[in-house]
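Some notes on the structure that comes next.
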Amino acid sequence: MRSSVDGWGSGLLGVIIFSGSLPATRVAVADFSPLFLTSARAVIAALLGGGLLMLLRQARPRRADVLSLAIVSIGVVIGFPLLTALALQHITSAYSIVFIGLLPLATAIFGVLRGGERPKPLFWLFSCLGSATVIVFAVSNGGSGSLTGDLLMIAAIILCGLGYAEGGKLSRRLGGWQVISWALVLSAPMMLVLTIMTLPASWEGIGAPAWLSLAYVSVLSMLVGFVFWYRGLALGGIAGVGQLQLLQPFFGLALAGLLLGEPVAWTMIAATALIVLCVAFARKFT
């Protein structure tokens, strides 16, 4: 019971930190290219994570762990940041945040496929209802989104769910911060080359908000948030704790409205509320 409570507490802290990721990305892509933003945040986080691994003298992962770490890298270090940055050139951060409602279902599916978890049948019913709500919202809200942005967000969610589940499984043995740190180190050489290739032609037009946003997604979204998130998944279960992601739209919509001044339509709030209600029931049958 104590382990489960700790897991849900850690997971909630991770979700709160992740809630600022999409608004911060939206600000950053105004001055940085999506490729540079994706690679630069990974390199910065890799330097910090690699430094921690060396400072605390962590043992190297087993050879058998390399594939899992590569999956984590593809999912949460490269795939999700890059695809969301591209999507946010077509849609607002407030609109994109509602797609986070698909993450619990994606994470739960990969938790079954990669983590060996077996939620009860009613869990899938309510998870699918929540996801269906997101899809209906996206399709019916053509004025706020675009097909390109929607498809990029859906692809980002699939890769992110895979990365979450794989990292959660591996964290049971290696530890949460170790998993994301090793995944960052593994991807660092490629990300460093990409950073150099996509350097801005001029630094003069880049404002303070973009630099602050880069710092947020590099340190908090790419490293600190995963320390709590992977610990939560490892202690509380991938499918169960993964449902906390349904709180992320609430936090994210609030940030998008307060910090960016983006319009938050009542339909967004209604859709998010319905999704959270579905997942609250789903959690009972995890």
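What's counted below: heavy atoms across the whole structure, side chains too, no hydrogens, waters or symmetry copies.
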Note: M222 and V77 closest approach over all heavy atoms is CE-CA, 3.7 Å

All pairs passing side chain to side chain donor-acceptor pair (under 3.5 Å) where residues 51-75 contributes a residue, at least two apart | Q58-Q178, D65-R173, S68-E166

Is there a side-chain contact between F80 and L159 (heavy atoms, below 4.5 Å)?
-> no

F99 side, atom CZ; D150 side, atom CG - distance, nearest 0.5 Å | 4.0 Å

What are the two closest heavy atoms between L223 and G49, and how far apart are they?
-> CD2-N, 4.0 Å

Can you name the nearest heavy-atom pair linking L69 to P61, along with the distance?
-> CD1-CG, 3.7 Å

Taking the side chain as every heavy atom from C-beta outward, state whether V29 and F36 have any pair of such atoms under 4.5 Å apart.
-> no

CG on L151 to CG on L83, rounded to 0.5 Å = 11.0 Å

Shared hydrophobic cluster for L56 and L53 (ILVMFWY, side-chain gaps under 4.5 Å) | yes

Does the side chain of I78 reach to within under 4.5 Å of the side chain of M191, using non-hydrogen atoms?
-> yes

Calculate, to the nearest 0.5 Å, the distance between atoms OH and OG belonging to Y164 and S171 respectively.
-> 12.5 Å

Group every Ile, Leu, Val, Met, Phe, Trp and Tyr by side-chain heavy-atom contacts under 4.5 Å, then state whether L186 and L67 land in the same group.
-> yes

Co-membership, hydrophobic cluster, residues I206 and L212, 4.5 Å side-chain | no

Mind jotting down which residue pairs meet the side chain to side chain donor-acceptor pair (under 3.5 Å) criterion with at least one end in residues 218-241? Sequence neighbours excluded, please.
-> S10-R231, S21-S221

Should I17 and F226 count as side-chain neighbours, where that means a heavy-atom distance under 4.5 Å?
-> no

Mind checking whether V224 and F228 have side chains closer than 4.5 Å, heavy atoms only?
-> yes

Verify same cluster id: V193, L82 (apolar side-chain graph, 4.5 Å) | no

When clusters are formed by joining ILVMFWY residues with side-chain heavy atoms under 4.5 Å apart, either directly or through shared neighbours, do V219 and M54 land in the same one?
-> no

Has the side chain of R26 got a donor or acceptor atom that lies under 3.5 Å from a matching backbone atom of I91?
-> yes

Mind checking whether V217 and P81 have side chains closer than 4.5 Å, heavy atoms only?
-> no

Would you give the length of the straight line joining atom CG of L86 to atom OG1 of T25, rounded to the nearest 0.5 angstrom?
-> 11.0 Å

Distance-minimising heavy-atom pair for S39 and T198 = OG-OG1, 3.9 Å

List the atom of F32, the atom of A210, and the distance in Å for their closest heavy-atom pair.
-> CE1-O, 3.6 Å

Would a 4.5 Å heavy-atom cut-off, applied to side chains only, mark I180 and V76 as touching?
-> yes

Would you please classify the geometry between the W203 ring and the W211 ring as parallel, tilted or perpendicular, with 30° and 60° separating the classes?
-> parallel

Taking every non-hydrogen atom, the tightest pair across V112 and W124 = CG2-CZ2, 3.5 Å

State the CG-CG distance between L48 and L55, to the nearest 0.5 angstrom.
-> 12.0 Å

Value rounded to 0.5 Å, distance of CD1 in I16 from CG in L244 = 9.5 Å

